[in-house]
Amino acid sequence: MPLLKTSFTFFLLLCCLGGIPGSPRAIGQPLQTPTGQDTTEWLTIHKIFVTGNDKTREKIILRELSLTENQMIISSELDEILKAGRKKLLNTQLFLEATISPVRLENDSIDLVVRVVERWYTVPSPFFRLADRNFNVWLTTQNRDWRRVEYGVRFFKYNFRGLNERLYFYTQFGFTRQYAMRYVIPYIDKAQKNGLEFRFGYSENSNISYLTRDHQLIFTDSLPGLAARNYKGLVGWRYRPSFYNNHWLMLGYEQRQVADTISELNPNYFLRTGNRQQYFTLSYGFKSDHRDYIAYPLKGYRWDVEIQKLGV
């Protein structure tokens with residue numbers, strides 16, 4: 001009898017501690033953590049499925065999530081993690097809507113289903129404006145000269161190649177003819193932390209102001225050739241080590257050139273350095289953006305720091 005009583009007591013003790021070794025875990029009983037302590041329920045991410053991304057590459061979407069396959073998370077933290085992931089997806093400004101839904105599986109694992117609704121990524125933007133400082137100057141001082149208008153189109157291609165790349169074209173005609181291009185590649189490495197940026201611009205004028213007299217800009221008469229040319233170029237490196245922080249380092253070059261007539265009319269136009277001015281620019285910037293929604297923030301904060309040196 002003492003032996004039987006001792007065995008029965010040991011059996012009850014095993015039941016209280018989690019069951020007989022090798023027996024199935026009772027439903028609702030806390031899961032064991034990786035350290036063997038059964039104080040918290042853990043879930044394992046089995047698979048992550050992405051739907052609705054007709055254009056966007058899947059790796060761009062997964063980059064914004066703090067969850068990966070085979071990762072273990074605390075069950076009570078799942079809702080907050082999914083809400084934060086949805087905000088990150090919307091803050092890429094690639095989607096009109098995004099949802100992340102968990103699907104419970106056996107053996108305390110879940111699948112995640114990410115559904116996105118993509119926006120329109122091609123945006124042409126025509127424009128028309130006056131070259132003068134305001135409408136009154138154009139109306140009175142310049143006698144409503146229609147040659148002093150500028151018009152053109154800005155062309156934005158977001159999510160180029162489905163990799164969240166941004167491509168900009170700028171074409172302008174009229175008083176100032178201008179052509180510009182900008183290409184931003186957010187990620188060039190497998191870890192998706194390093195990116196590149198390229199810019200190029202060219203502009204030309206047949207008539208420019210060369211002097212200020214009595215608070216008015218004095219312009220040249222029609223010249224046989226161009227009055228001014230301007231070239232710009234830039235190459236940059238971008239680094240995004242975390243979801244909310246961005247660094248960038250830019251090296252640029254600019255060259256301005258005016259006709260000899262401008263230098264004769266105003267020898268100080270380029271501070272007596274002739275009719276051409278050229279210089280490099282070097283800049284570094286850092287941005288930390290912790291707003292809940294970039295497009296219409298309700299809470300959070302953002303701060304930027306940029307240092308620039310003109311004439312390296």
Side-chain angles (χ1 to χ4, degrees), residues 31 33 40-123 156-167 184-195 238-248 286-304:
L31 292 172
T33 65
T40 306
E41 184 178 7
W42 289 76
L43 297 174
T44 302
I45 307 299
H46 178 243
K47 290 289 185 181
I48 300 178
F49 301 95
V50 180
T51 64
N53 55 323
D54 297 330
K55 178 70 174 179
T56 311
R57 304 283 183 91
E58 185 173 301
K59 64 180 182 179
I60 298 299
I61 297 175
L62 297 179
R63 168 67 170 83
E64 303 304 315
L65 302 181
S66 57
L67 298 175
T68 59
E69 294 181 355
N70 300 318
Q71 178 181 347
M72 297 186 68
I73 61 172
I74 299 176
S75 176
S76 59
E77 298 178 355
L78 179 61
D79 288 342
E80 290 301 320
I81 294 176
L82 297 185
K83 289 179 182 179
R86 177 179 180 273
K87 291 179 181 179
K88 293 172 187 175
L89 289 175
L90 293 176
N91 283 338
T92 63
Q93 298 184 298
L94 296 176
F95 312 111
L96 298 174
E97 186 55 65
T99 60
I100 308 175
S101 304
V103 178
R104 191 67 180 255
L105 304 176
E106 297 178 354
N107 300 325
D108 306 307
S109 62
I110 60 173
D111 285 343
L112 296 180
V113 180
V114 182
R115 296 182 177 89
V116 295
V117 178
E118 296 182 322
R119 57 173 288 190
W120 190 20
Y121 297 127
T122 304
V123 183
F156 303 92
K157 182 65 176 180
Y158 300 101
N159 203 18
F160 183 56
R161 299 194 305 160
L163 296 172
N164 198 18
E165 299 173 344
R166 297 185 295 277
L167 184 62
V184 180
I185 308 173
Y187 310 118
I188 59 173
D189 58 335
K190 188 176 181 180
Q192 297 189 78
K193 292 185 177 182
N194 296 276
R238 292 181 171 274
Y239 180 57
R240 187 189 179 197
S242 63
F243 292 114
Y244 307 105
N245 297 324
N246 287 272
H247 304 259
W248 61 89
F286 170 74
K287 179 176 70 174
S288 183
D289 195 340
H290 295 262
R291 295 173 294 173
D292 52 353
Y293 296 104
I294 292 178
Y296 44 94
L298 300 176
K299 60 181 180 179
Y301 63 92
R302 165 187 167 177
W303 59 279
D304 300 61

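Values below: all heavy atoms of this structure, side chains included; hydrogens, waters and symmetry mates excluded.
Rounded to the nearest 0.5 Å, atoms CD (E69) and CG (L112) are 9.0 Å apart. For the atom pair CG (N194) and CD (Q192), the distance works out to 11.0 Å, reported to the nearest 0.5 Å. Considering NZ of K299 and CZ of R291, their distance stands at 14.5 Å, rounded to 0.5 Å. Atom-to-atom distance recorded for L43:CG and D108:CG is 6.5 Å, nearest 0.5 angstrom. In this structure, I110 CD1 and S75 OG are separated by 8.0 Å, a value rounded to the nearest 0.5 Å. Rounding to the nearest 0.5 angstrom, the gap separating the NZ atom in K87 from the CG atom in D292 is 5.5 Å.
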Please evaluate residues L67 and L82 with respect to the criterion side-chain contact (heavy atoms from CB on, under 4.5 Å), reporting the C-alpha separation (whole Å), side-chain torsions for both, the decisive distance (0.1 Å), and the verdict. CA-CA 9 Å; L67 298 175; L82 297 185; 4.0 Å; yes
Working for ring-ring contact (aromatic ring centres under 6.0 Å, His included), residues F286 and W303: CA-CA 8 Å; F286 170 74; W303 59 279; 5.3 Å; yes
In sequence, state the C-alpha distance, the side-chain angles, and the governing distance for S66 and K88, and then conclude on side-chain contact (heavy atoms from CB on, under 4.5 Å). CA-CA 10 Å; S66 57; K88 293 172 187 175; 4.0 Å; yes
Step-by-step side-chain contact (heavy atoms from CB on, under 4.5 Å) determination, F160 to I185: CA-CA 9 Å; F160 183 56; I185 308 173; over 6 Å; no
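Salt bridge status for R86 with E97: present, with a side-chain N to carboxylate O gap under 4.0 Å. R238 and E165 are not joined by a salt bridge, as no carboxylate oxygen comes within less than 4.0 angstrom of a charged side-chain nitrogen.
Between V123 and Y158 the shortest heavy-atom distance is CG2-CE1, 4.1 Å. Across all their heavy atoms, I48 and L65 have their closest contact at CG2-CD1, 4.5 Å. Nearest heavy-atom pair, S288 versus H290, reported as atom, atom and distance to 0.1 Å: OG-NE2, 2.9 Å. Of all heavy-atom pairs spanning R63 and Y187, the tightest one is CG-OH, 4.0 Å. Pairing each heavy atom of S101 with each of R115, the nearest pair is OG-NH1, 3.6 Å. The two residues F95 and I61 come nearest to each other via the heavy atoms CZ-CG1, 3.8 Å.
Under the side-chain contact (heavy atoms from CB on, under 4.5 Å) rule, N91 has a single partner from Y244, F243, Y293, which is Y293. Of the listed residues (N159, N53, T56), just one forms a side-chain hydrogen bond (donor to acceptor under 3.5 Å, both in side chains) with E118, and that residue is T56.
Every residue two or more places apart in sequence or in another chain that forms a salt bridge (charged side-chain N to carboxylate O under 4.0 Å, His left out) with R302 is listed here: D304.
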